[in-house]
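Report on the following structure.
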Amino acid sequence: MVREIREDELDQLLELYLYLHEDGIPEKNDHLANTWKQITEDPNHHIIVDEIDGKIVSSCVCVIIPNLTRGIRPYAFVENVVTHADYRKRGYAGECLAYAKKIATENNCYKMMLLTGSKNPATLNFYAGAGYNSTDKTAFVQWL
């Protein structure tokens, strides 16, 4: 079942992020609690999950960003696309991305953007199959 995350599911999400690029789960402290509160209270920040038998197995983030161009239409940024290793290649991440597209469409976004650090052709083909292309824009990242 694809849906938005519930406030009480932070621990499951952080465990899933171990399959993304995290080395460990962050320490439970005020900074984590305040960040989680900020995310869950932001109506433009959507954490989408796919739940199978009560377990979150896939997720992505979709942030709606207000914009003054393109007819004052917002755009969406998709990040942190991840699926638990035991559940890959079953369509769960695709379901999360489709849900993100639904959110973006409902918010009148004129585009969605997604960055990946992967060079794996299968991953790139997955994103292309989900409707993203790598030819319209050039992405630059500056790590801070």
Side-chain angles (χ1 to χ4, degrees), residues 1-120 123-124 126-134 136-144:
M1 171 177 64
V2 180
R3 59 176 172 77
E4 291 202 46
I5 198 162
R6 294 188 304 261
E7 196 171 330
D8 65 341
E9 295 177 315
L10 174 60
D11 290 340
Q12 279 194 68
L13 182 65
L14 294 176
E15 287 179 26
L16 181 62
Y17 280 170
L18 292 172
Y19 294 93
L20 187 60
H21 50 63
E22 296 301 304
D23 294 329
I25 294 175
E27 177 184 342
K28 289 189 178 183
N29 57 27
D30 288 343
H31 181 59
L32 176 62
N34 290 336
T35 300
W36 183 239
K37 183 176 189 291
Q38 183 181 359
I39 289 169
T40 58
E41 291 179 355
D42 183 347
N44 287 322
H45 200 132
H46 305 269
I47 298 179
I48 300 156
V49 297
D50 204 336
E51 175 189 344
I52 305 299
D53 298 325
K55 179 178 182 170
I56 294 174
V57 300
S58 190
S59 180
C60 73
V61 173
C62 177
V63 179
I64 307 300
I65 302 168
N67 182 39
L68 295 173
T69 65
R70 302 287 181 155
I72 314 176
R73 292 176 64 195
Y75 56 93
F77 190 79
V78 175
E79 184 63 73
N80 296 337
V81 180
V82 61
T83 301
H84 187 289
D86 295 341
Y87 293 84
R88 291 185 179 155
K89 300 201 185 299
R90 299 185 195 177
Y92 300 130
E95 290 176 352
C96 289
L97 291 177
Y99 197 96
K101 184 176 181 180
K102 180 178 178 250
I103 290 170
T105 302
E106 289 170 352
N107 281 274
N108 196 33
C109 291
Y110 78 95
K111 71 176 177 183
M112 297 179 71
M113 295 184 294
L114 177 149
L115 297 174
T116 181
S118 177
K119 306 293 186 228
N120 182 331
T123 301
L124 302 179
F126 164 72
Y127 289 129
Y132 295 86
N133 76 68
S134 59
D136 289 350
K137 298 259 183 177
T138 301
F140 290 89
V141 175
Q142 184 177 67
W143 298 102
L144 305 175

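In plain terms, the two heavy atoms of P74 and N108 that are nearest each other are CD-O, 3.7 Å. Residues V61 and H45 approach most closely at CG1-NE2, 3.5 Å, considering heavy atoms. M113 and Y132 make their closest contact through C-CE2, 4.4 Å (heavy atoms, listed as atom of the first residue, atom of the second, distance). For the pair K101 and M112, the tightest heavy-atom approach, listed with the atom from each and the gap, is CA-SD, 3.6 Å. Nearest heavy-atom pair across K119 and L124 is O-CD1, 4.0 Å. Across all their heavy atoms, M1 and I52 have their closest contact at N-CD1, 4.2 Å.
Using bins of under 30°, 30° to 60° and over 60° for the plane-to-plane angle, the ring pair Y19/H84 lands in the tilted bin.
With hydrogens and angles disregarded, no donor-acceptor distance shorter than 3.5 Å links the side chain of N67 to the backbone of I72. Checking side-chain atoms of E95 against main-chain N and O of V2 turns up no donor-acceptor pair under 3.5 Å. Under a 3.5 Å cut-off, the side chain of H46 and the backbone N or O of P43 do form a donor-acceptor pair. The backbone N or O of C109 sits nowhere less than 3.5 Å from a side-chain atom of N107 that would complete a donor-acceptor pair. Looking only at distances, no side-chain donor or acceptor of Q12 sits under 3.5 Å from a matching main-chain atom of E9.
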### Task
In sequence, state the C-alpha distance, the side-chain angles, and the governing distance for C62 and I48, and then conclude on side chain to side chain contact (heavy atoms under 4.5 Å, CB included).
CA-CA 7 Å; C62 177; I48 300 156; 4.1 Å; yes
#### Entry: Steps toward side chain to side chain contact (heavy atoms under 4.5 Å, CB included) verdict (D11, K28)
CA-CA 10 Å; D11 290 340; K28 289 189 178 183; 3.1 Å; yes
### Worked check of side chain to side chain contact (heavy atoms under 4.5 Å, CB included) between L115 and F77
CA-CA 9 Å; L115 297 174; F77 190 79; 4.0 Å; yes
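Checked options V49, I5, L20, N80; the residue passing with S59 is V49 (criterion: side-chain contact (heavy atoms from CB on, under 4.5 Å)).
The salt bridge (charged side-chain N to carboxylate O under 4.0 Å, His left out) check on E7 picks up nothing, with sequence neighbours excluded.
Side-chain contact between F126 and T116 is absent, with no heavy-atom pair separated by less than 4.5 Å. No side-chain heavy atom of E27 sits less than 4.5 Å from a side-chain heavy atom of L32. When side chains are defined from C-beta on, L16 does not count as touching Y87, because their heavy atoms never get closer than 4.5 Å. Residues L97 and C60 have side chains in contact (heavy-atom distance under 4.5 Å, counting atoms from C-beta outward).
Under a cut-off of 6.0 angstrom, the local environment of CD in E106 is crowded, with over 12 non-hydrogen atoms contributed by other residues, nucleotides or ligands. Atom NZ of K111 has more than 12 heavy atoms from other residues, nucleotides or ligands within 6.0 Å. Atom CZ of R3 is surrounded by more than 12 heavy atoms from other residues, nucleotides or ligands within 6.0 Å.
The distance from atom CD1 of I56 to atom OH of Y92, rounded to the nearest 0.5 Å, is 14.0 Å. Considering CG of L114 and CD of E79, their distance stands at 7.5 Å, rounded to 0.5 Å. If you take CG on L18 and CG on L13, they are separated by 10.0 Å, rounding to the nearest 0.5 Å.
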